[in-house]
Amino acid sequence: TPAPSPTVPPTPTATPTPVIIELSPWPTPDPLAGGGSLVFELHKGGNSDLYALAIGRQNPIRLTNDPAADLDPVWSPSGREIAFTSRRFGNFDIFILDMQSGEVAQITSQQGYDGKPAWSPDGQWLVYESYQGENLDIYIVRKDLSQGPIRLTENIEPDIAPVWSPDGRSIAYSSMRQGNMDIWAMSLDAVGDSQAINLTQSADFDESNPAFAPDGQLLAWGGQSKIDSTQQVFLGQISDNSLQDIRPIGTGEHPTWSPASDTLAWEQDNAFEHLLLVGSINQFGVVPQSFVVDGEPRGPHWSGVPLTDEPAGWLVEMANSPVLALYEETVTVNNPAAEENEDAETEEGVAADVSGELPTAPPRQLRRVLNDGELPLLSDGVDQSFLALRGRIEAETGIDLLADTERMFVPLNAASQPGESDEIWHKAGRAFDINSELALSFSPIIEVVRRDSSDQTYWEVFVKTAAQDGSQGQPMTEIPWDFRARFGDNPVDYDQGGRLKDGIPAGYYVSLTELAQDYGWEPVPADRNWRTFYPGVRFWQFEKRDGLTWEQAMLELYGPEQLEN
């Protein structure tokens, strides 16, 4: 007879009551005071810091320079503080930046992940998402830490990206609790998962990042199509716990409102290139204004607080902080006259082994970058970036993922793979393929998210970290693509090249694609026939072209006469 299972009493969860959250009306800033300003995270030089940009100007002001990533910034209602997410002390927590002194205060300190903060209208509370017990839920905490953290949701599906309503009496957030990522609302007068209301109920879009207009009349959010993965910004009229007159505004995600509630700014991701766009909600179809900055701006948040033209005080030090280089790509010019150079002779020998004929005077050589594998060679023009990327991936994930590549250098006259052009960048020593099988097992260590841009499909690859305590990576908030489904019994899944997985995988992940781009290695778009021809998927392939054409890159390794043959 088996032993009876022990009975574990449920852990009580603190429930907020209306009396503990006393909120004042939203202090709307003057929308004419210089047009206000946007705060956002700017990914540049392999790290994300906080920047602010005055509306109508082109040069953002740097606000942080910590070596750890600073993410998700939001202005306080008064404009005197900015709440944000950072991994300054090991795990991702919530911090507050004082804009007068430049001092940073830590708000949360739970083990795991805390992120995506948003302010209450009176500036005394913060709502945020937290990953505890392998689930993302919504919490609130008082800024002075006198109350909370207080858990608002307990559903087993992810609840993310919360925001406070302008009247202070409800929270809007994204949730997977009905199978789709929808926008939900919960009243603080009746807290509980059973009291939450699904505002969008869309079967065709996964919706996230809701944003209330300051006047409380409209709600905006981002939606990703389940058909082609394109992203749209939507808005709807708030009426009796529902949304009316829902309409798209533009292509993008993560909307934020102007203080006057008549204009939206949002982020547009075009093949992993991020732009900030601003457009009027009353002029649908008019091309929005774009803000082009050096780097990748993400997660904008708008305030009516104006910024000075030039940084002053503590901001001067931030403005002068250098962006450090991630690696140095040194190259050795291949000089046949330098026969006494033993290193040059060794590298020329490698080139001769794989090409069959030694070039007379190519400017680049091939370098061995791995100890194992078939032809683990790259061009001298990209080898240091690969080695630096390999080390960064291992440091971020705890896994030496690039120690085992599926393919790297391909000799000049080697036959191409089925469906592949002869002009592949592997022949130029400027491409590598990760092990695609890592995404196809029943317990994959990499997940792949579909990204559609214009008429092309790209993929973002995420690596599950070795440490699952919050010290590495972040929880995933998107549903990965299931390539295995195309080999199942459903003909629709075969025709579509797979389908979205049933849910968001638990655990902490790092974007391999983002890290690769930091070092100049770009993801390769899928072939147009990828749905029915699996080798055309190419989520596993990365290239470093450095602005060269394929012929120019080949001429770095071979003479013109060799290419003609």
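Everything quoted here is computed from the prediction, not taken from an experiment.
How far CZ of R151 is from CD1 of I140: 13.5 Å, rounded to the nearest 0.5 Å. Taken from CD in Q496 to CG in N490, the straight-line distance is 10.0 Å, to the nearest 0.5 Å. For the atom pair CG of L235 and CD of Q237, the computed distance is 9.0 Å after rounding to the nearest 0.5 Å. Distance check: T256 OG1 to W266 CH2 gives 12.0 Å after rounding to the nearest 0.5 Å. Taking CG of L218 as the reference point, atom CG of D245 lies at 9.0 Å (rounded to 0.5 Å). To the nearest 0.5 Å, the span separating CD on Q224 from CD on Q232 amounts to 11.0 Å.
With hydrogens and angles ignored, the 3.5 Å screen pairs a side-chain donor or acceptor of R484 with a backbone N or O of L440. Formation of a donor-acceptor pair under 3.5 Å by the T64 side chain with backbone atoms of D66 is not found in this model. Counting only distance, with no hydrogens or angles, the side chain of D482 and the backbone of L500 share no donor-acceptor pair below 3.5 Å. Panel note: side chain N135, backbone N155; a donor-acceptor pair is recorded below 3.5 Å. With W164 contributing its side chain and G168 its backbone, the two residues share a donor-acceptor pair below 3.5 Å. At least one donor-acceptor pair under 3.5 Å links the side chain of T465 to the backbone N or O of A467. In this structure a side-chain-to-backbone donor-acceptor pair under 3.5 Å is present from T153 to I138. With T85 contributing its side chain and D72 its backbone, the two residues share no donor-acceptor pair below 3.5 Å. A donor-acceptor pair is defined here as one N or O able to donate and one able to accept, closer than 3.5 Å; no such pair exists between the side chain of E420 and the backbone of P535. With E157 contributing its side chain and S175 its backbone, the two residues share no donor-acceptor pair below 3.5 Å.
Other residues, nucleotides and ligands place more than 12 heavy atoms under 6.0 Å from the CD atom of Q195. The environment of CD1 in I197 is crowded: more than 12 heavy-atom neighbours from other residues, nucleotides or ligands sit within 6.0 Å.
Residues S208 and S174 bring no donor and acceptor atom of their side chains to less than 3.5 Å of each other. No side-chain donor from either of D452 and T230 sits under 3.5 Å from a side-chain acceptor of the other. Residues S76 and S78 have side chains that bring a donor and an acceptor to within less than 3.5 angstrom of each other. For the residue pair Q178 and N198, a side-chain donor N or O sits within less than 3.5 Å of a side-chain acceptor on the partner.
Salt bridge status for R538 with E522: absent, with no side-chain N to carboxylate O gap under 4.0 Å. Salt bridge annotation for R450-E460: absent, with no cationic side-chain nitrogen under 4.0 angstrom from a carboxylate oxygen. We find that D495 and R531 are not joined by a salt bridge, their nearest charged nitrogen and carboxylate oxygen being 4.0 Å or further apart. In this structure, D70 pairs ionically with R88, as a charged nitrogen and a carboxylate oxygen lie closer than 4.0 Å. Using a 4.0 Å cut-off between a side-chain N of Lys or Arg and a carboxylate O of Asp or Glu, D455 and R528 qualify as a salt bridge. Using a cut-off of 4.0 Å between Lys/Arg side-chain N and Asp/Glu carboxylate O, D204 and K226 are scored as not salt-bridged.
Ring planes of F542 and F432: parallel class, angle under 30° (limits at 30 and 60°).
With a 4.5 Å cut-off on side-chain heavy atoms, F212 and V163 count as touching. Residues I393 and L389 form a side-chain contact, since some pair of their non-hydrogen atoms from C-beta on lies under 4.5 Å apart. Using a 4.5 Å heavy-atom cutoff, the side chains of R62 and D49 are in contact.
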Full working for ring pair (Phe, Tyr, Trp, His ring centres under 6.0 Å) between W540 and Y534 = CA-CA 12 Å; W540 48 82; Y534 182 71; 5.5 Å; yes
Salt bridge (Lys or Arg N to Asp or Glu O under 4.0 Å) assessment of D493 paired with R499 = CA-CA 6 Å; D493 291 342; R499 59 177 173 82; 3.4 Å; yes
Pair S202-D182, side chain to side chain contact (heavy atoms under 4.5 Å, CB included): steps then yes or no | CA-CA 7 Å; S202 174; D182 292 312; 4.3 Å; yes
Check against side-chain hydrogen bond (donor to acceptor under 3.5 Å, both in side chains), E207 and T200 | CA-CA 8 Å; E207 295 149 321; T200 53; 2.7 Å; yes
Output, in order, the C-alpha distance, side-chain angles, deciding distance and verdict of side-chain hydrogen bond (donor to acceptor under 3.5 Å, both in side chains) for S242 and D240.
-> CA-CA 5 Å; S242 65; D240 297 328; over 6 Å; no
Would W221 and L199 count as a side chain to side chain contact (heavy atoms under 4.5 Å, CB included) if you check the C-alpha gap in whole Å, the side-chain angles of each, and the deciding distance to 0.1 Å?
-> CA-CA 11 Å; W221 64 92; L199 296 178; over 6 Å; no
Under the side-chain hydrogen bond (donor to acceptor under 3.5 Å, both in side chains) rule, what do E406 and S436 come out as? Steps first, then yes or no, please.
-> CA-CA 8 Å; E406 201 165 78; S436 60; 3.3 Å; yes
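Pairing each heavy atom of Q110 with each of P149, the nearest pair is NE2-CG, 4.4 Å.
Exactly one residue among W459, F483, W530 makes a ring-ring contact (aromatic ring centres under 6.0 Å, His included) with F539. That residue is F483. With D206 as reference, I479 is the one residue of I479, T477, I504 to meet the side-chain contact (heavy atoms from CB on, under 4.5 Å) rule.
Cation-pi geometry between R177 and W184 is met: under 6.0 angstrom from the ring centre, within 45 degrees of the axis.
Aromatic pair Y131/F92: centroids not less than 6.0 angstrom apart. In summary, the aromatic rings of Y139 and W125 are positioned with their centroids too far apart to meet the 6.0 Å limit.
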